[in-house]
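Below: one structure, written as C-alpha cells.
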Amino acid sequence: MTRHFLRDDDITPAEQTEILNLALDLKRDRWSQKPLEGPQTVAVIFDKSSTRTRVSFAVGIADLGGAPLIISTANSQLGGKETPADTARVLERMVSAIVWRTYGQAGLEEMAEKTTVPVINALSDDFHPCQLLADLLTIREHKGDLAGLRLTFIGDGACNMAQSYLLAGATAGMHVTIASPEGYAPTDTVVDDARARAAQTGGSISILTDPVDAATGADVLVTDTWVSMGKEEEKSARLASLSSYRVDQRLMSQAKPDAVFMHCLPADRGFEVSADVIDGPQSIIWDEAENRLHAQKALMVWLLARA
Ligand code: CP
Ligand code: NVA
C-alpha cells in the first residue's frame, strides 16, 4: 500500500524518529543514497509561490539521483480544466512521486486516493508537514531529544504552520502551546487530533490567548507570517488583530535563557517578529532553512522504499 505524507500525523511517532534519523545520516553524507537513480522523475507542482520548497525539492531530488520536474499550475491543466485525480493518473505513468503545494487539503487527499505513487504535501492552507520535519531536525540538533521540550507558537494559530506544530510536536512528545487572538485559534478537529497523539507520546497541547503566558519557560519560540498565501485580502484586519502578538525581545525574555527562535520564512520583520530577534543570537532560522533539504530527502527515501 503506497504511503503518502499529507499531514504531520500520517506517520507514527516511531516513523517520525526513523525519518529524522535518516535525515541526520543524509546531512552527514549527502550523496549516500540514490533511490531515484535512472534518473527517475519527481513532479513538484506549485499553485502558490515558493523559494525554499522549490529549491530544496529540486536539489534533493537531484542529490538522490533523480530529475525534478517543476510544474506551475498557472500554465498546466490542473486547477483549471483537470481534476487532481485525473492529473495523478497521468503523472503516475511517468513519475515516481508527486509533490504538491496547494490551497485546500481536499485536493491532496483526492490525488493520493487515486494514485499509486507517493503524494507529498509541500504546503496547503491547513498544514506544512515538510517544514515541520525540517524544524524538528533543527530542534534536535540544537536541543537534543525532542520529547519533553516546550515549544510555543505565537500569532496566527489557524495557519498551516501552527496546525502542523500541533500534530508534529505532539507526535514527537513535545509540549506545544499556541497563543493567538480570538478568531485565529487552530481548528478544533486539529487540536483534538493533536491531543489524541500527545496522549500516546507523553506530550501536551495548550491553546491560549495570552502571548506572555505562552512564552514563559519555552525552549523554542516560533512564529509565522500574519498574512499567509491566499489571505492577502484580509491583510489590514489581520495586522490589526495580531499586532500585540509580535515576537520581540520582551517576549523572548519570558522564554528560557537558552531558548531558540524559529520561523519557516519568508518573514515580515517588524510585524510577526522584530528584527533584533530574527537576526539575533537566539535565532536558528538559517539552519532551519537548510534542513528542508535533508529532511525532505529522508522523507522521499523513506516513502520510495514503501511505494
Ligand atoms: N518555508 C517555506 O516553505 O518557504 P517557501 O514558501 O519559500 O517555499
Ligand atoms: N503560513 C505561510 C507559510 C509560508 C511558507 C503561508 O502559508 O503563506
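All ligand and atom numbering here is 1-based and tracks the order in the structure. Note that the structure is a prediction, hence the values are computed from the model and not measured. Residues take their numbers from the sequence shown, with the count starting at 1.
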Starting from the C-alpha separation in whole Å, work towards a yes-or-no answer on salt bridge (charged side-chain N to carboxylate O under 4.0 Å, His left out) for Arg101 and Asp47.
-> CA-CA 6 Å; Arg101 167 168 288 193; Asp47 299 358; over 6 Å; no

Show your working on salt bridge (charged side-chain N to carboxylate O under 4.0 Å, His left out) between Asp125 and Lys48 and close with a plain yes or no.
-> CA-CA 10 Å; Asp125 291 341; Lys48 294 173 173 170; 2.7 Å; yes

Proximity to ligand 1 by part of Arg54, non-hydrogen separation under 4.0 Å = neither

Heavy atoms, side chains only, cut-off 4.5 Å: are Leu251 and Arg246 in contact?
-> no

Parallel, tilted or perpendicular for Phe271 and Trp226, by the 30°/60° rule?
-> perpendicular

Looking only at protein heavy atoms, which one is nearest to atom 2 (C) of ligand 1, and how far off is it?
-> Arg292 NH1, 3.3 Å

Would you mind reporting whether Ile178 and Leu166 have side-chain heavy atoms less than 4.5 Å apart?
-> yes

Judging by distance only, is a nitrogen or oxygen of Leu265 under 3.5 angstrom from one on ligand 1?
-> yes

Sequence neighbours excluded, which residues qualify as side chain to side chain contact (heavy atoms under 4.5 Å, CB included) partners of Asn75?
-> Ser72

Nearest protein heavy atom to atom 4 (O) of ligand 1, by residue and atom, and its distance?
-> Arg52 NE, 2.8 Å

Output the list of atoms in ligand 1 that are nearer than 4.0 Å to some heavy atom of Thr51, sorted by atom number.
-> 5 (P), 7 (O), 8 (O)

For the pair Asp193 and Arg7, evaluate salt bridge (charged side-chain N to carboxylate O under 4.0 Å, His left out) and give the outcome as yes or no after the intermediate values.
-> CA-CA 11 Å; Asp193 291 345; Arg7 42 186 278 165; 2.9 Å; yes

Could you list, one pair per line, each nitrogen or oxygen of ligand 2 together with any protein nitrogen or oxygen closer than 3.5 Å, giving atom names and the distance rounded to 0.1 Å?
unit_1	atom_1	unit_2	atom_2	d
ligand 2	1 (N)	Asn160	OD1	2.7
ligand 2	1 (N)	Asp224	OD2	2.6
ligand 2	1 (N)	Ser228	OG	2.7
ligand 2	7 (O)	Asn160	ND2	2.8
ligand 2	8 (O)	Met229	N	2.8

Can you find an N/O atom of Cys264 closer than 3.5 Å to an N/O atom of ligand 1?
-> yes

Arg101 heavy atoms, cut-off 4.0 Å: which ligand 1 atoms fall inside?
-> 2 (C), 3 (O), 5 (P), 6 (O), 8 (O)

Backbone of Leu6 reached by a side-chain donor or acceptor of Asn121 within 3.5 Å = yes

Verdict with reasoning, Glu141 to Leu24, per side-chain contact (heavy atoms from CB on, under 4.5 Å) | CA-CA 9 Å; Glu141 288 178 322; Leu24 284 173; 3.9 Å; yes

